[in-house]
Protein chains: 2
Amino acid sequence: MNDAATGRLPRYGNRPTMKDVAARAGVGLKTVSRVVNGEPGVTQDTERRVQEAITALGFRRNDSARVLRKGRTSSVGLVLEDLADPFYAPLNRAVEEVARAHGALLINGSSAEDPERERELALAFCARRVDGLIVIPAGHDHRYLEPEIAAGVATVFVDRPAGGIAADAVLSDSHGGARAGVAHLIAHGHRRIGFIGDRPRIHTAGERLRGYRTAMADAGLPVSDAWVSLGPTTPERVRAEAERMLTGEHPVTAFFTGNNRVTVTILRVIARLPHPVALVGFDDLELADLLSPGVTVVAQDAARLGRNAAELLFHRLDGAEEAPRRVELPTRLIVRGSGELPPAER
Amino acid sequence: MNDAATGRLPRYGNRPTMKDVAARAGVGLKTVSRVVNGEPGVTQDTERRVQEAITALGFRRNDSARVLRKGRTSSVGLVLEDLADPFYAPLNRAVEEVARAHGALLINGSSAEDPERERELALAFCARRVDGLIVIPAGHDHRYLEPEIAAGVATVFVDRPAGGIAADAVLSDSHGGARAGVAHLIAHGHRRIGFIGDRPRIHTAGERLRGYRTAMADAGLPVSDAWVSLGPTTPERVRAEAERMLTGEHPVTAFFTGNNRVTVTILRVIARLPHPVALVGFDDLELADLLSPGVTVVAQDAARLGRNAAELLFHRLDGAEEAPRRVELPTRLIVRGSGELPPAER
DNA sequence: TCCGGGCTTGACAACGTTGTCCAGGCCCTA
DNA sequence: TAGGGCCTGGACAACGTTGTCAAGCCCGGA
């Protein structure tokens, strides 16, 4: 009927605009804008008429137009590795809560550990003109973000540092955490410890391996190449590597696993063995305390990572111009038993 | 320098526009637009000059302006309960993948089970002019979406149906799943079975309770009010209710839990008891197979829920105008042992 | 040589909103 | 009663992009 009256085509998705509301309420365009935005300078009576027109037409402000005019979107983008990974989910949620507290909307997406996809996502967010960007890097070269950062897009990296540019980063102490976890195994008598981690190009994977080597060196223990394996965290690969390390001339008596996905797979491998094998894993797991023995882990506080990163981001958005900051959060060794199994005699 | 040249104020966040690119490349505005969008009708030489200007200025198209002009945003919104809930995470991810396959960006947000927040989020997405909306309802009244739907925002509800409006919905068979799970307990000799679920205003909580009652009635078993508890899924409440049901004159010998969070808490309660208590839970858990006994669950395929909902959404966006559809996906009883414990004699 | 057609290019309006600025009406005071 | 100030309301431009349309160019054929 509105369309018939105006003679416009009933284009699908055609929505009433402030102009339509103004016409119906018999007021000017700017008055509608004032009412919609709760600005002062409108009498109660006028406001009521406008509100009625808004309800009658089902008007909703078009934020694209608003953004275009105002220049700020009140939104931030988050590029992470996998929305569904139980480690990143709390991080995501924490970022969301901080954004909400600052009146900003969060847009997020999964890079699936693919640098090209990370880039696409980050740039798509920039095209939407997010005010800020939080990135869990999949790639090592972030120079593609330079024009964006120069143009004023605040950017914070989490979990892994940026490559090729100076930027804020909020990280966990992967090296120290892994070192403590491996030291725990050594303290319980283990001498041949296997390390299974993520692909070597992932920063945290390298740092955790470095922590493993440091702990072994601290104890004066040799490390055989056969005990170290970095690569994709697919169950198939992890299982095969574990089984390889458990056989042969110098089988390992304990595992240190580089992240939650590896830990889960190793738990399944261990469960089927006739003899117990010790394990300490990086990242906590939901039911780790209920297994027997409980799984000893090096826990990161994912929510805190996200919260810190988001707060740093909004700090920057508030105008802080200091040099890029690098925050490193401590990890926590949670001892539950699986690291205390004595090495089986062989 | 650009600012000095144009005399404009160096507003923070000022970005080059197509106009700037055009000026630098010595071409018209529309030609830049053509290059940026890969439209035909530009000579190689011109294209090269434009590309150079784009790179030199660090230009990136402003999608807000584009959306304003084109009317479609190529984005969809997803309102869910909690980004960090392990049940919803795969659903989220599945929606993301389908959206990506259709060239759309996903915006999501957590309602935290608060109807008001659900409404705020959904309407914020609409203000951003998402093409479509996928909602996991927190509230029961979705009439607030009527103007949006009338204006052409395709809308699909997942996990729980809409209230007050006719709309597409993709659900799990909560009633049938709970019935099968409880029947499994009954088949193993249990007669006094406790049901602990989520708040009664949540649709799935009610359906699962109904399934419990159906299974009990099928077997001709009475249900005491003391064995049924719906409410918040906080560990404190769940623990208290469980302990109450385990004591008194007619203690339960098994639990059926209404969702993954309740199951986790009950597992912790059970683990400390001197005698075994049987359990079947709704929703699968990551390490359920590694506990002893393994946790028997009624599993939903969360990823499939999300995938189906998203595909239905894009089907609508492609112009399908049929009557609202209600899809109900089957659940699967995964028997792992915890449901087969015989009732302790008392 | 002239004309028609195809190709490349650019001028201009429009998308829906908000900021600026001005006009008109009211009330208050001298 | 006139003048001044305040309050309300509206006209208009601008944000950065894309669709429309027409102009200019070059080429081949008559």
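Below, read A as the first sequence line, B as the second, and so on, with proteins coming before strands; counting in each chain starts at 1.
Listed pair B:Thr31 / C:dG10 meets the phosphate criterion, a side-chain N or O lying under 4.0 Å from OP1 or OP2. In terms of phosphate contacts, A:Ser33 brings a side-chain nitrogen or oxygen within less than 4.0 Å of OP1 or OP2 of C:dT18. Remark: A:Thr43 is not in phosphate contact with D:dT8, judged by side-chain N or O atoms under 4.0 Å from OP1 or OP2. Contact annotation: B:Asn62 side-chain N/O to D:dC15 OP1/OP2 distance is not under 4.0 Å.
For the pair A:Lys70 NZ and C:dT20 P, the interatomic distance rounds to 10 Å; values are reported in whole Å. Whole-Å rounding puts the B:Leu68 CG to D:dG19 C1' distance at 13 Å. A:Arg49 has its CZ atom 14 Å from the P atom of D:dT8, to the nearest Å. Protein atom CZ of A:Arg129 is 11 Å distant from nucleotide atom C1' of D:dT17, rounded to whole Å. Here C:dT17 presents its P atom at 14 Å from CD of A:Glu39, a figure rounded to the nearest Å. D:dG19 atom P lies 13 Å from atom CG of B:Leu29, rounded to whole Å. The distance between atom CD of B:Gln44 and atom P of C:dT8, rounded to the nearest whole Å, is 11 Å. Computed from coordinates, the A:Asp20 CG to C:dC15 C1' distance equals 13 Å when rounded to whole Å.
At the heavy-atom level, B:Ser64 lies nowhere under 4.0 Å from the strands shown. Contact annotation for A:Val27: backbone-only contact, meaning every heavy-atom pair under 4.0 Å involves sugar-phosphate atoms and none involves a base. Heavy atoms of A:Asp63 sit nowhere under 4.0 angstrom from any nucleic acid atom.
Looking at A:Arg325, A:Arg316, A:His315 one by one, the single match for side chain to side chain donor-acceptor pair (under 3.5 Å) with A:Asp168 turns out to be A:Arg316.
Closest approach to the A:Met18 side chain among C:dT9, C:dT17, D:dT17 is made by C:dT17 (side chain taken as heavy atoms from C-beta onward). When each of C:dT8, C:dT18, C:dG16 is scored by its nearest atom to the side-chain atoms of A:Arg66, the top-ranked nucleotide is C:dT18. Here the side chain of B:Val42 is nearest to one of C:dT17, C:dT9, D:dT18, namely C:dT9. Comparing D:dG19, C:dG16, C:dT9 against the side chain of A:Ala65 picks out C:dG16 as the nearest. Closest contact between the side chain of B:Lys30 and the listed nucleotides C:dT17, D:dT20, C:dT20 involves D:dT20.
Applying the 3.5 Å distance criterion, the base of D:dT18 shares a donor-acceptor pair with the side chain of B:Arg69.
Across the interface with DNA chain C, nearest-nucleotide mapping of B:Thr46 and A:Asn37 shows B:Thr46 to be the residue nearer the 5′ end. If you find the closest nucleotide of DNA chain D to B:Arg61 and to B:Arg34, the one lying nearer the 5' end belongs to B:Arg61.
The local environment of CD in B:Glu322 is crowded, with over 12 non-hydrogen atoms from other residues, nucleotides or ligands closer than 6.0 Å.
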#### Entry: Test log, rule side-chain contact (heavy atoms from CB on, under 4.5 Å), inputs A:Arg49 and A:Thr31
CA-CA 11 Å; A:Arg49 287 213 321 280; A:Thr31 302; over 6 Å; no

### Message
The test is side-chain contact (heavy atoms from CB on, under 4.5 Å); show your working for A:Glu81 and A:Asp159 and say whether it passes.
### Response
CA-CA 10 Å; A:Glu81 195 236 304; A:Asp159 189 44; over 6 Å; no

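Proximity of a side-chain donor or acceptor of A:Asn92 to a complementary backbone N or O of A:Tyr88 within less than 3.5 Å is not detected. Of the possible polar contacts, one joining the A:Ser110 side chain to the A:Leu83 backbone as a donor-acceptor pair under 3.5 Å is found.
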